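Every heavy atom of this structure was used, including side-chain atoms; hydrogens, water molecules and symmetry mates were not. For ligands, and for the atoms within them, numbers begin at 1 and follow the listed sequence. The structure presented is a predicted model; accordingly, all values stated were derived computationally and were not measured.
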Amino acid sequence: MKKRTFIKNLVVGSAAAAMLMGAGTAFAKEFRLGLITPPPHIWTKAAGAFGEELKGKSGGKYSVKVFPSRQLGNEAQMLQQLQTGALDMAFMTIAEVSNRVPDFGAFYAPYLARDIAHAAKILRSKTATSLLASLPAKAGVVGLGYGSAGLRQVISRDPISSADDLKGKKIRITPFEPIKDFYKILGTAPTPMPLPAVYDALANGQVDAIDMDLELTWKLKYTEHAKTVVLSNHMMFPMVGLVSARVWKGLSIEDRAMIREIMAKHLDSTIDKYVAGEAKFLEEVKKTGIDVKVVGPDFFGTSTDQWNSIWSKRSSALSALRKEAAK
Ligand code: BEZ
């Protein structure tokens, strides 16, 4: 090759390489993913692992910045941001989703799941998965799969020997309708409150009891200000991985498939963590010396039936999910 041709090729080649590198940078996208849980929580760790894997598998084209602990607002605010496209992704309680799409309230049917392994089966069923299809039209978000937290219990400042002892008491709930109805039926005063406010509210007597799972009861030390854990396992507590429908529309089919597969895998890993961890969380709670009162559906009398009669009118998914659970 003549010297001039060699230099020309070199210049053209370098320019092309620079353009490609520039294009690589231009196409790199950092998704913002919000959650309400703190950094050490299983959901937050799963979000981080999702981001790492997506970055690796996309060759750096996509990365994820995780915003834990309500940094971007509460779940209602985050859902709004997803709808406008101001937020790309979120791992969110089904609780908030059920406030917008009442069909999802069916997941909170008291004693839908017998135990945490049964809850995992329900969440992995086709019936549960098919519910996600309604989300783009009804809520402006795309649901890529379910995750989970532990089953719900009642942690009380006072000793509790029957459901009558709960009557008239202020009980902290996660802010959503199905659980509010459950505690109203029981004759209590359900008090909606976000997670970060719970410890102080229990400590200073602003509430008499809290609706909570075993993991957080142990890790956030709610036992320090309570006398009884009513081990009722009365509800499951699913989570869903969401992407803004507006953001989703702008992605290629291949990229959507990659994001769907990786996110669904990490969401699902949270379900396994609670199936494996629930017994340990209970042991840790017991080690604090708190009284643990084991109860079953009978403890709540007819309230489950009353809840079902309200929610069979509000959620068209309830009977299908009950059938799925009975399989
Ligand atoms: C709660 O509000 O109790 C809660 C929220 C997210 C994860 C676990 C618990």
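- For H234 and F182, the ring centers are positioned less than 6.0 Å apart.
- The shortest N/O to N/O separation between W43 and ligand 1 does not fall below 3.5 Å.
- Every atom of ligand 1 with a heavy atom of T174 under 4.0 Å away is listed here by number and element: 1 (C), 2 (O), 3 (O).
- Looking at atom 4 (C) of ligand 1, its nearest protein heavy atom turns out to be F237 CE2, 3.7 Å.
- Only the side chain of R152 comes within 4.0 Å of ligand 1, judged by heavy-atom distances.
- For the pair M89/M263, a side-chain contact is recorded, criterion being any heavy-atom separation below 4.5 Å from C-beta on.
- Contacts of L216 with ligand 1, taken as heavy-atom pairs under 4.0 Å, involve the side chain alone.
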*Would you please test K287 and E283 for salt bridge (charged side-chain N to carboxylate O under 4.0 Å, His left out) and show each step?*
CA-CA 6 Å; K287 273 191 211 162; E283 277 319 301; over 6 Å; no

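- Contact atoms of ligand 1 toward R172: 1 (C), 2 (O), 3 (O) (distance under 4.0 Å to a heavy atom of the residue).
- By the criterion of a heavy-atom distance under 4.0 Å, neither the backbone nor the side chain of M239 is placed next to ligand 1.
- Side-chain contact between S312 and S319 is absent, with no heavy-atom pair separated by less than 4.5 Å.
- Closest heavy-atom contact between T84 and R246: O-CD, 3.4 Å.
- By the 4.5 Å heavy-atom criterion applied to side chains, V64 and K55 are not counted as neighbours.
- Those atoms of ligand 1 that come under 4.0 Å of a heavy atom in M212, given as number and element, are 3 (O).
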